[in-house]
Amino acid sequence: MSDQKSYWNESYLKMKRESSGYVVNDSLIEFFQSKVMTYLNSKKRIKILETGCGGGSFLEGFVGPNFILVGLDFSEDAIRMAQNRVDDSRFQFLQGDVSTMNWQKEFDLVIDSHCLHCLVENELRKKYFAGVKRALPAGGVFAFESMIAHDDLNFSDYFLYLEEEKTLLQQIGTEVVPVRKILPAKVIEEELVTAGFNIIYFAVALGKKVIPDEGRTSPVEGDPELLRVICTKR
């Protein structure tokens, strides 16, 4: 985990040096607007926890007055960037790990900003799902997008994909760091059921890929596919 934390801190600092520090995720916005909102009661005040928010929330710019949001990321540098970026009383950003936070069933929705596929250890993923459940009341909504494996996965030379472990490693300086868990959709489905979620929407987004290479902006055939999931806490 320490290697991963250093990796993500450096990634956010690099992003800050080379750009405005945050790029809005259009895919998550589309998913939220077209699918996730269907399962929320928009007439009441909705409290949202965004895990893996990075240097800002994808909800910036269109969140209505009935929303309040807590953005969470384990990177101190990312949270500093988010706090400096967003000046809105409806937004709060916290540095931390959802799996260890003492939540009191206070959120209507937990939405994952491409965080799950960054958790490469099986036990850590179980703790993550348990943390999400602690943050939700019975019937609360959990939604996410995740990279998933397919038969033609292919990566750049500075990546190494371990097929048996379904883990993507990246060369960072002299270190080789595990950076992604790219599982088949069926395995993620089994994880959710075991963790105690009811799956209400589970679909591969047709024509969409997730680009793992930070130096590239256009998808290629070998990139992971994109799974979209909405579930509720049992």
Side-chain angles (χ1 to χ4, degrees), residues 22-73 78-79 82 85-94 96-99 101-119 125 128-148 185 188-189 191-206 208 210 226-234:
Y22 180 72
V23 178
V24 175
N25 190 312
D26 293 333
S27 176
L28 277 170
I29 291 175
E30 176 196 325
F31 179 42
F32 182 81
Q33 289 179 315
S34 65
K35 299 296 182 184
V36 179
M37 283 295 296
T38 304
Y39 298 96
L40 297 172
N41 180 2
S42 58
K43 294 180 181 179
K44 70 167 187 171
R45 196 168 181 83
I46 298 172
K47 193 167 184 183
I48 302 170
L49 174 65
E50 181 183 349
T51 62
C53 66
S57 173
F58 80 93
L59 292 168
E60 293 173 30
F62 76 92
V63 173
N66 290 331
F67 291 78
I68 26 180
L69 178 130
V70 175
L72 185 73
D73 201 285
I79 291 302
R85 174 186 171 87
V86 182
D87 182 17
D88 190 321
S89 61
R90 296 168 298 175
F91 289 77
Q92 179 185 9
F93 293 97
L94 300 176
D97 183 340
V98 70
S99 67
M101 301 290 276
N102 187 27
W103 305 115
Q104 298 298 320
K105 301 178 175 62
E106 56 187 295
F107 297 98
D108 304 291
L109 166 69
V110 176
I111 190 157
D112 176 314
S113 286
H114 290 196
C115 178
L116 180 61
H117 55 227
C118 298
L119 304 178
R125 292 168 70 90
Y128 175 75
F129 290 134
V132 170
K133 287 183 67 180
R134 284 197 301 274
L136 291 170
V141 178
F142 175 40
F144 63 90
E145 292 185 333
S146 182
M147 293 181 179
I148 54 170
I188 295 177
E189 180 182 16
E191 285 183 317
L192 291 168
V193 172
T194 300
F197 291 99
N198 290 316
I199 298 172
I200 55 179
Y201 180 86
F202 192 92
V204 177
L206 296 178
K208 291 187 180 294
V210 188
L226 180 67
L227 176 69
R228 288 175 167 174
V229 179
I230 303 172
C231 48
T232 58
K233 175 183 172 179
R234 290 204 293 262

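Starting from 1, each residue takes its place in the sequence as its number.
With values rounded to the nearest 0.5 angstrom, Leu116 atom CG is found 11.0 Å from Met147 atom CE. The CZ atom of Arg228 sits 6.5 Å away from atom OH of Tyr201, with the distance rounded to the nearest 0.5 Å. Atom-to-atom distance recorded for Leu226:CG and Ile148:CD1 is 7.5 Å, nearest 0.5 angstrom. The distance from atom CG of Asp88 to atom CZ of Phe67, rounded to the nearest 0.5 Å, is 12.5 Å. Asp97 contributes atom CG, which lies 8.0 Å from atom CG of Leu119 (distance to the nearest 0.5 angstrom). The SG atom of Cys53 sits 12.5 Å away from atom CG of Asn25, with the distance rounded to the nearest 0.5 Å.
The two atoms that bring Trp103 and Gly131 nearest to each other are CD1-O, 3.6 Å, heavy atoms only. Between Ala82 and Gly54, the shortest heavy-atom contact is CB-O, 4.0 Å. Nearest heavy atom pair, residue Gly139 against residue Thr232, reads O-CG2, 3.8 Å. Closest of all the heavy-atom pairs between Cys115 and Gly52 is CB-CA, 4.0 Å. The two residues Glu50 and Phe58 make their nearest non-hydrogen contact at OE2-CD2, 3.3 Å. Annotation for Ile46 and Asp108: closest pair CA-OD2, 3.3 Å, computed over non-hydrogen atoms.
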Derivation and outcome, side chain to side chain contact (heavy atoms under 4.5 Å, CB included), residues Leu227 and Phe202 | CA-CA 7 Å; Leu227 176 69; Phe202 192 92; 3.8 Å; yes
Side chain to side chain contact (heavy atoms under 4.5 Å, CB included) assessment of Val132 paired with Phe144 | CA-CA 12 Å; Val132 170; Phe144 63 90; over 6 Å; no
Verify side chain to side chain contact (heavy atoms under 4.5 Å, CB included) between Phe142 and Lys133, making sure each step is shown before the conclusion.
-> CA-CA 9 Å; Phe142 175 40; Lys133 287 183 67 180; over 6 Å; no
Residue pair Ile188, Arg125: steps toward the side chain to side chain contact (heavy atoms under 4.5 Å, CB included) verdict = CA-CA 10 Å; Ile188 295 177; Arg125 292 168 70 90; 4.1 Å; yes
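Side chain of Arg90 to main chain of Asn66: no donor-acceptor pair is present (N/O by atom type, distance under 3.5 Å, no hydrogens or angles). Using a distance-only test at 3.5 Å, with no hydrogens or angles considered, no donor-acceptor pair links the side chain of Glu30 to the main chain of Ser27.
Val229 places none of its side-chain heavy atoms less than 4.5 Å from the side chain of Ser146. Using a 4.5 Å heavy-atom cutoff, the side chains of Phe32 and Ile48 are in contact.
A salt bridge is absent between Lys208 and Glu145; no separation between the charged side-chain nitrogens and carboxylate oxygens falls under 4.0 Å.
For the residue pair Tyr128 and Thr51, a side-chain donor N or O sits within less than 3.5 Å of a side-chain acceptor on the partner.
Of the options Val98, Ile111, Asp112, a side-chain contact (heavy atoms from CB on, under 4.5 Å) to Leu49 is made by Val98 and by none of the others.
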